[in-house]
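Below you'll find the structure, written out as structure tokens, and then a few comments.
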Amino acid sequence: DQFLARRASEVVDGALLPMMLDQCRRVVATGRPLVDDDVCVVGDDGNRTYYEVRASKVGDEVSLTWRDVTARRTIEARYRTLAENASDVVVLVGLDLTITYVSPSIERILGWRPEEAMGRNALDLLHPQDADWIQEGLRTIDTERHNDEVLARAKDGTHRWMASASTAILDEEGQVTGFVSVLRDVDEAVHARQALARSEQRFRLVMTSAPTGMAVVSLDRRFLEVNP
């Protein structure tokens with residue numbers, strides 16, 4: 001009801017009004033809907049409320065659907081403040097997995113400048129083998145943290161193992177509006193773990209196929225393992 005009987009110029013931030021009117025004209029001209037998630041409305045008390053506005057053509061007019069995203073912006077601003085000086089990579093994505101924010105540390109670890117990553121689909125920065133299960137995993141995130149190890153794609157085309165901790169961003173009604181992921185470089189640790197596994201596999205192969213007797217003995221001279 002704060003909009004009724006008021007002119008658009010009275011409720012929409014002055015700098016955004018010309019852009020909104022231009023978007024409405026384009027919707028009428030092209031018939032294609034538009035979405036703007038950064039519309040600021042100034043209340044009677046001077047407080048600012050931010051909306052996601054969807055514009056769709058209805059006949060010769062434009063229908064505007066407004067959704068309050070102030071809580072989401074507050075949360076995102078808080079994450080940005082924490083992320084600016086973090087050594088880990090902090091990534092915010094929308095429901096369509098479009099990257100809306102990424103911390104500066106991504107350039108040091110993966111070579112991407114933040115502005116190169118923002119606006120892209122998050123799956124574009126991952127190895128194709130991880131894309132399907134990560135997309136499905138994000139759909140199941142509610143309030144629980146989702147921990148994984150993923151292969152992230154560096155700007156030079158190589159891949160690095162990253163430990164990922166992801167949680168959902170909820171609005172005031174408890175609806176998921178996006179996701180935040182914290183990525184830590186664990187490439188060296190994963191490769192060391194894989195090398196150890198290969199070494200153990202080779203040892204097992206030698207133990208089981210050796211034509212002569214072999215045994216593993218502890219320091220106190222106890223047999224720990226004997227081949228067949």
Residues, nucleotides or ligands: over 12 heavy atoms within 6.0 Å of Asp60 CG |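 For Asp60, atom CG is not crowded (no more than 12 foreign heavy atoms under 6.0 Å).
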
Should we count CD of Glu188 as having more than 12 external heavy atoms under 6.0 Å?
->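 Not more than 12 within 6.0 Å, no.
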
Would you mind reporting whether [Y] and [X] have side-chain heavy atoms less than 4.5 Å apart?
| X | Y | answer |
| --- | --- | --- |
| Arg113 | Lys155 | yes |
| Arg193 | Glu149 | yes |
| Val190 | Gln194 | yes |

Out of curiosity, [X] [atom1] to [Y] [atom2], how far, rounded to the nearest 0.5 Å?
| X | Y | atom1 | atom2 | result |
| --- | --- | --- | --- | --- |
| Leu92 | Ile99 | CG | CD1 | 10.0 Å |
| Met162 | Asp130 | CE | CG | 12.5 Å |
| Leu183 | Leu110 | CG | CG | 8.0 Å |
| Ile169 | Thr100 | CD1 | OG1 | 7.0 Å |
| Arg120 | Leu97 | CZ | CG | 14.0 Å |
| Ser181 | Asp88 | OG | CG | 12.0 Å |

Members other than Val69 in its cluster, when Ile, Leu, Val, Met, Phe, Trp, Tyr link by side-chain heavy atoms under 4.5 Å?
->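 Direct or chained contacts put Val69 with Tyr50.
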
Going hydrophobic residue to hydrophobic residue with side-chain gaps under 4.5 angstrom, can you get from [X] over to [Y]?
| X | Y | value |
| --- | --- | --- |
| Leu125 | Trp161 | no |
| Ile106 | Leu123 | yes |
| Ile109 | Val91 | yes |
| Val93 | Met118 | yes |

Do you know the tightest heavy-atom contact between [X] and [Y]?
| X | Y | result |
| --- | --- | --- |
| Ala152 | Leu126 | CA-CD2, 4.1 Å |
| Asn147 | Ala165 | OD1-CB, 3.3 Å |
| Val89 | Ser103 | CA-OG, 3.5 Å |
| Ser164 | Val150 | CB-CG2, 4.4 Å |
| Ala163 | Val186 | N-CG2, 3.5 Å |
| Leu95 | Gly178 | CD2-N, 3.9 Å |

Intermediate values then yes/no, side-chain contact (heavy atoms from CB on, under 4.5 Å), Arg67 and Thr177 = CA-CA 11 Å; Arg67 180 185 180 190; Thr177 62; 3.5 Å; yes

Stepwise side-chain contact (heavy atoms from CB on, under 4.5 Å) test for Arg160 and Leu151 | CA-CA 5 Å; Arg160 295 189 68 82; Leu151 270 175; 6.0 Å; no

Begin from the C-alpha positions of Arg26 and Arg32 and carry the test side-chain contact (heavy atoms from CB on, under 4.5 Å) through to its verdict.
-> CA-CA 8 Å; Arg26 278 189 288 158; Arg32 293 194 296 269; over 6 Å; no

